[in-house]
Colleague: 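Sharing a structure here in structure tokens format.
Lettering of chains follows the sequences in order, A, B, ..., and the numbering in each one begins at 1. Values in this document were obtained by computation on a predicted structure and should not be read as measured data.
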Amino acid sequence: KQEVTQIPAALSVPEGENLVLNCSFTDSAIYNLQWFRQDPGKGLTSLLLIQSSQREQTSGRLNASLDKSSGRSTLYIAASQPGDSATYLCAAWRSGNTPLVFGKGTRLSVIA
Amino acid sequence: DTAVSQTPKYLVTQMGNDKSIKCEQNLGHDTMYWYKQDSKKFLKIMFSYNNKELIINETVPNRFSPKSPDKAHLNLHINSLELGDSAVYFCASSQEGGAEEQYFGPGTRLTVT
């Protein structure tokens, strides 16, 4: 059974810092992986999807990488801004026919 | 032009009541999902429907009954509500299902008193 762990659970950084959020899996048999952002009281916003044949994806200041051999993914946020404050969730599929399994998220606060 | 919408946003009800949550997506996707986010913010799949057919049912009590009148709608009906049903319920959709990018609705916060 796939379990997803996100470390740290919470992170507070000053504005402008580059930061890395970590995600690890108990089962390294990862198919695709998706990173989300959740603002308080809101739904999930899809940030990046890394497909099984890819190792990373970039969108603006965000870069997500996936290392299947170690069962880890990282989300890199460059030049953080107060508007980046949210909970970031990673989720993975073990195969094309299994449900999406979520981590508990990292709550990020970017202080102006 | 909301992609995935849910109604209501908030739902407060008493134990034993029956309630429904509606979900609609205008993305033209074939697959829709219901997720439950508990008080510890842990998000877990409940159901998945592809083109009105049930694909995933993750050992959810049979008091929960999803209904898909067409592929753009997936409603969640809950009978005999219990205190433990209090949570935020999210609807989501993806193009064809499988391991494709999922798009989420804003959530429905259900409080059972």
Colleague: Please name the pair of heavy atoms, one in F104(B) and one in L44(A), separated by the smallest distance, quoted to 0.1 Å.
Modeller: CB-O, 3.6 Å
Colleague: Under 4.5 Å heavy-atom distance to chain A, tell me which part of L43(B) shows up: side chain, backbone, both or neither.
Modeller: both
Colleague: Are L33(A) and L48(A) connected in the hydrophobic side-chain network, where two residues link if heavy atoms are under 4.5 Å apart?
Modeller: yes
Colleague: Hey, can you dump all donor-acceptor pairs under 3.5 Å between chain A and chain B, distances included?
Modeller:
| from | atom 1 | to | atom 2 | distance (Å) |
| --- | --- | --- | --- | --- |
| N32(A) | ND2 | A99(B) | O | 2.6 |
| Q34(A) | OE1 | Q102(B) | N | 3.2 |
| Q34(A) | NE2 | Q102(B) | O | 3.1 |
| Q38(A) | OE1 | Q37(B) | NE2 | 3.1 |
| Q38(A) | NE2 | Q37(B) | OE1 | 3.1 |
| S46(A) | OG | E101(B) | OE2 | 2.5 |
| W93(A) | NE1 | G98(B) | O | 3.2 |

Colleague: What residues form a side-chain hydrogen bond (donor to acceptor under 3.5 Å, both in side chains) with S12(A), not counting sequence neighbours?
Modeller: none
Colleague: Please answer: with hydrophobic residues joined when any side-chain heavy atoms are less than 4.5 Å apart, are V4(B) and L47(A) in the same cluster?
Modeller: no
Colleague: Among the options A92(B), C91(B), P106(B), G107(B), pick out the one with the most heavy-atom pairs lying under 4.5 Å from chain A.
Modeller: P106(B)
Colleague: What about L21(A) and V110(A), same hydrophobic cluster or not, with Ile/Leu/Val/Met/Phe/Trp/Tyr joined at side-chain heavy-atom distances under 4.5 Å?
Modeller: yes
Colleague: Establish whether F102(A) and L49(A) are linked, either directly or via other cluster members, by ILVMFWY side-chain heavy-atom contacts under 4.5 Å.
Modeller: yes
Colleague: Quick check: is L108(A) connected to L62(A) through a chain of hydrophobic side chains (ILVMFWY, heavy atoms under 4.5 Å apart)?
Modeller: yes
